[in-house]
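See below for the structure under consideration.
Labels below follow one simple rule: chain letters A, B, ... track the order of the sequence lines, proteins then strands, and each chain is numbered from 1. As a basis for the values below, the full set of heavy atoms in this structure was taken, side chains included, without hydrogen atoms, waters or symmetry mates. Remember, it's a predicted structure, so these values are computed and weren't measured experimentally.
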Amino acid sequence: MARILITSAIPYINGIKHLGNLVGSQLPADLFARYNRARGNEVLFLCATDEHGTPAELAAAKVGKPVADYCAEMHDVQADIARRFGLSFDHFGRSSSDENKALTQHFAGVLAEQGLIAETDEEQVYSNADGRYLPDRYIEGTCPNCGYDKARGDQCENCTKQLDPIDLIEPRSAISGSTDLEVRQTKHLYLRQSQMRAELQAWIDSKTDWPVLTTSIAKKWLNDGDGLQDRGITRDLEWGVPVKRGTEAWPGMEGKVFYVWFDAPIEYIACSQEWVNANKGDDWQRWWRTDAGADDVTYYQFMGKDNVPFHTLSFPSTILGSREPWKLVDYIKSFNFLNYDGGQFSTSQGRGVFMDQALDILPADYWRWWLLSNAPETSDSEFTWERFQDGVNKDLADVLGNFVSRVTKFCRAKFGEEVPKGGSFGPRETQLMADITGRIRTYEQLMAQMEVRKSAAELRSIWALGNEYLQEVAPWTTVKEDPEQAQAQIRLALNLIRIYAVLSAPFIPTAAASMMSGMNTLDFSWPEGVDGDDSAFTALPAGHAFTVPEVLFAKITDDQRKEWAERFAGIRT
RNA sequence: GGCGCGGUAGCUCAGUUGGUUAGAGCGAUCGACUCAUAAUCGAUAGGUCGGGAGUUCAAGUCUCCCCCACGCCA
């Protein structure tokens with residue numbers, strides 16, 4: 001039994017995530033977690049909210065709440081939506097947890113001991129009215145290049161020129177509008193990633209089986225220009241992990257916090273400590289410490305491409321640079337972006353469909369299936385309401401749902417609601433079982449390789465095999481001439497429903513549960529093969545009672561599609 | 001401007017280390033069936049694999065140049 005550690009990129013606390021965020025990390029990670037559990041592997045699947053930084057502070061201020069309260073509330077909101085989407089985290093933690101504070105401070109301390117932390121003095125803009133330092137992009141003013149009056153401190157959106165905040169004419173705070181700004185000297189810590197460059201390069205080069213998307217982004221950052229740059233890991237903010245050197249105070253760093261990108265990935269580890277402290281597990285070290293039992297763990301990370309640099313370079317610098325025996329990631333599965341109807345999904349602009357809205361109009365399985373079977377693996381892909389309707393109706397309603405419906409209703413009408421016992425399997429049945437077994441083996445390989453779209457396509461063709469069989473042996477005709485033979489045909493078809501439920505559960509867990517419930521069984525054993533008395537194809541024995549399930553997937557009508565397309569055409573307010 | 005990922009049937013995409021008549025799903029057309037969510041099953045049509053040059057007995061698959069789209073960065 002393999003031991004599988006899975007983490008999904010942690011979503012930022014500020015607001016509800018859209019479908020593009022979902023399909024880029026949490027959803028495929030959940031697919032992989034569910035599959036591995038179904039195969040009997042020991043799985044620890046972790047996710048959390050990423051809570052620190054300026055955007056959270058501003059969002060809290062906007063609704064007039066203390067930032068800690070705001071984050072606590074938003075964490076619960078996100079946890080509830082994740083649960084309703086069927087995301088099967090073993091724990092959904094918080095980067096603002098005490099565990100993460102202590103661990104982040106610990107890493108900073110040991111990195112300093114290893115000579116990988118540099119202290120620098122730099123100039124930062126301070127807003128007296130706001131009582132805080134302003135990140136570059138929160139300073140606005142007139143562009144010295146083109147005269148645009150809403151240029152940001154990092155770049156002018158009008159002429160695209162890169163700027164320094166001190167270049168701006170009549171600079172003001174983007175938060176309050178105040179012009180009472182001053183430049184102050186402030187001290188900061190840098191992670192000396194440049195020192196780790198050769199080691200990271202060798203590590204990345206050894207990962208020949210990673211997606212091209214992952215390695216190409218990592219190599220670009222390693223080799224572009226002057227190579228990997230040191231990175232500031234502290235900020236002049238209040239909301240964050242206080243800067244400490246382990247448990248000791250850090251002279252000169254009073255009142256400062258670690259940068260959100262330093263503490264966020266450390267939460268992957270801290271989350272497992274939260275998992276233990278929540279009494280859900282009893283040993284986090286055997287997942288993370290190679291000196292405490294984690295050497296047989298295989299660790300997979302899932303994320304969108306925008307997160308790749310931090311996971312291939314920054315976080316590994318932290319792990320490797322500590323010179324402590326932490327588990328390093330074995331495989332990084334990265335995704336491109338999902339676009340929405342001709343443009344990008346946008347959290348800040350409220351464009352697209354967000355997770356709560358999606359669940360308001362359809363059950364999670366509809367979304368899970370479409371998003372996963374169209375996951376942006378090789379390139380960006382696009383959500384349109386037409387494609388969504390086509391995919392859901394054809395795959396889920398017509399191919400799978402209708403198969404369950406036609407088999408169970410036919411049996412009920414002709415033989416009653418129990419698995420019929422007559423007849424025996426002949427050559428055609430043997431062939432079907434062999435065909436399905438062969439495809440299951442392919443499906444297993446694709447799932448193990450995290451080939452999400454191909455796995456979905458393979459699963460769909462397994463569903464279709466059932467319809468092909470029924471069409472060919474035509475039990476509705478057979479029953480008139482040879483009822484015993486028809487019973488054998490339907491007995492096999494009913495067993496296919498259980499097999500389909502088990503195979504499909506990672507994609508569509510709710511519908512799979514309905515199928516299992518209808519088949520009146522708790523036998524979730526994975527279909528290993530065709531041979532022997534314990535064959536998956538005879539798991540439901542003759543005489544086993546079942547009920548006809550409710551319609552598994554109602555079709556999306558043209559009227560619904562049009563209404564939703566219109567409702568979600570604008571921006572969310 | 002640099003870099004990255006793409007450009008394959010109407011649409012969405014597969015096409016390992018170059019090798020027989022380039023594949024799938026959807027859509028279209030025709031047919032079969034009537035158990036079923038007007039579902040299913042079969043068949044057919046449809047592609048000079050972005051353009052050009054080159055290497056090779058052989059290129060969608062390698063090399064070079066160009067064009068287009070998207071993304072990232074400066």
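One cannot find a donor-acceptor pair under 3.5 Å joining the base of B:A39 and the side-chain atoms of A:Asp398.
One atom, CZ of A:Phe310, and another, P of B:C72, lie 14 Å apart when rounded to the nearest Å. Residue A:Asn393 contributes atom CG, which lies 20 Å from atom P of B:A36 at whole-angstrom precision. B:C5 atom P lies 21 Å from atom CG of A:Leu338, rounded to whole Å. When the P atom of B:A36 is taken as reference, atom CD of A:Glu472 falls 21 Å away, rounded to whole Å. Distance A:Leu396 CG to B:C26 P: 13 Å, rounded to the nearest Å. Straight-line distance from the CG atom of A:Leu465 to the C1' atom of B:C41: 12 Å, rounded to whole Å. Across the protein-nucleic acid pair, A:Leu222 atom CG and B:C3 atom P stand 18 Å apart, rounded to whole Å. The CG-C1' distance, from A:Leu400 to B:C41, rounds to 17 Å in whole Å.
The closest side-chain donor-acceptor pair between A:Gln489 and A:Tyr469, if any, does not fall under 3.5 angstrom. Side-chain atoms of A:Trp463 and A:Ser504 form a donor-acceptor pair, as typed in the model, at a separation below 3.5 Å. Using modelled atom types and a 3.5 Å distance limit, the side chains of A:Arg39 and A:Tyr35 yield a donor-acceptor pair.
Atom name P, nucleotides B:G47 and B:C57: the rounded distance is 32 Å, in whole Å. A distance of about 10 Å separates the P atoms of B:U8 and B:G51, rounded to the whole Å. Rounded to the nearest Å, the gap between the P atom of B:G1 and that of B:U20 is 40 Å. Spacing between B:A69 and B:A32 at atom P, rounded to whole Å, works out to 49 Å. Nucleotides B:A43 and B:U48, compared at atom C1', are 27 Å apart to the nearest Å. Between B:A24 and B:G19, the two C1' atoms lie 22 Å apart (nearest whole Å). Remark: the separation of the P atoms in B:U61 and B:G71 is 27 Å, to the nearest Å.
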Report each atom pair, protein N/O against N/O of nucleotides 23-25 of chain B, whose distance is under 3.5 angstrom.
{"residue": "B:G25", "atom": "O3'", "partner": "A:Arg460", "partner atom": "NH2", "Å": "3.4"}

Could you go through nucleotides 6-13 of chain B and list every protein N or O atom that sits under 3.5 Å from one of its N or O atoms, giving the distance for each pair?
{"residue": "B:U12", "atom": "O2'", "partner": "A:Arg387", "partner atom": "NH2", "Å": "2.8"}

What nitrogen or oxygen pairs link the protein and nucleotides 29-35 of chain B at under 3.5 Å?
{"residue": "B:C33", "atom": "O2'", "partner": "A:Trp476", "partner atom": "NE1", "Å": "3.2"}
{"residue": "B:C35", "atom": "O2'", "partner": "A:Arg406", "partner atom": "O", "Å": "3.3"}
{"residue": "B:C35", "atom": "O2", "partner": "A:Arg406", "partner atom": "NE", "Å": "3.1"}
{"residue": "B:C35", "atom": "N3", "partner": "A:Arg406", "partner atom": "NE", "Å": "3.4"}
{"residue": "B:C35", "atom": "N3", "partner": "A:Arg406", "partner atom": "NH2", "Å": "2.6"}
{"residue": "B:C35", "atom": "N4", "partner": "A:Arg406", "partner atom": "NH2", "Å": "3.1"}

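Between A:Tyr366 and the choices A:Phe553, A:Phe507, A:Trp564, the ring pair (Phe, Tyr, Trp, His ring centres under 6.0 Å) rule is met once, by A:Phe553. Of the listed residues (A:Trp261, A:Phe262, A:Phe315, A:Tyr268), just one forms a ring pair (Phe, Tyr, Trp, His ring centres under 6.0 Å) with A:Phe310, and that residue is A:Trp261.
Heavy atoms of A:Ile490 sit nowhere under 4.0 angstrom from any nucleic acid atom. As judged by a 4.0 angstrom heavy-atom cut-off over every strand, A:Phe553 is placed among the base-contacting residues.
Pairing for B:G4 goes to B:C70, judged as Watson-Crick or G-U wobble with the two contacts each under 3.5 Å. Look at B:U56: it lacks any Watson-Crick or wobble partner with both distances under 3.5 angstrom. Base pairing annotation: B:G10 forms a Watson-Crick or G-U wobble pair with B:C26, both donor-acceptor distances under 3.5 Å.
Ion pairing between A:Glu377 and A:Lys454 fails under the 4.0 Å rule for side-chain N and carboxylate O. One finds a salt bridge joining A:Asp30 and A:Arg34 here, because a Lys/Arg side-chain nitrogen approaches an Asp/Glu carboxylate oxygen to under 4.0 Å. A salt bridge links A:Asp558 with A:Arg561: at least one charged nitrogen is closer than 4.0 Å to a carboxylate oxygen.
Between the side chain of A:Asn520 and the backbone N or O of A:Thr547 there is no donor-acceptor pair closer than 3.5 Å.
Atom CZ of A:Phe302 is separated from atom CG of A:Leu27 by 10.5 Å, given to the nearest 0.5 angstrom.
When the nearest nucleotides of RNA chain B are assigned to A:Glu550 and A:Phe337 by heavy-atom distance, the more 5′-ward of the two goes with A:Glu550. With the nearest nucleotide of RNA chain B identified for both A:Ala464 and A:Val551, A:Val551 has the one nearer the 5' end.
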Report task. Begin from the C-alpha positions of A:Glu444 and A:Arg441 and carry the test side-chain contact (heavy atoms from CB on, under 4.5 Å) through to its verdict. Result -> CA-CA 5 Å; A:Glu444 291 165 357; A:Arg441 296 292 93 82; 3.0 Å; yes
Requested in this report: Determine, stepwise, if the pair A:Tyr500 / A:Phe403 fulfils ring pair (Phe, Tyr, Trp, His ring centres under 6.0 Å).
Outcome: CA-CA 10 Å; A:Tyr500 289 177; A:Phe403 176 78; 5.4 Å; yes
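In this structure, A:Phe568 has its ring center under 6.0 Å from that of A:Trp385.
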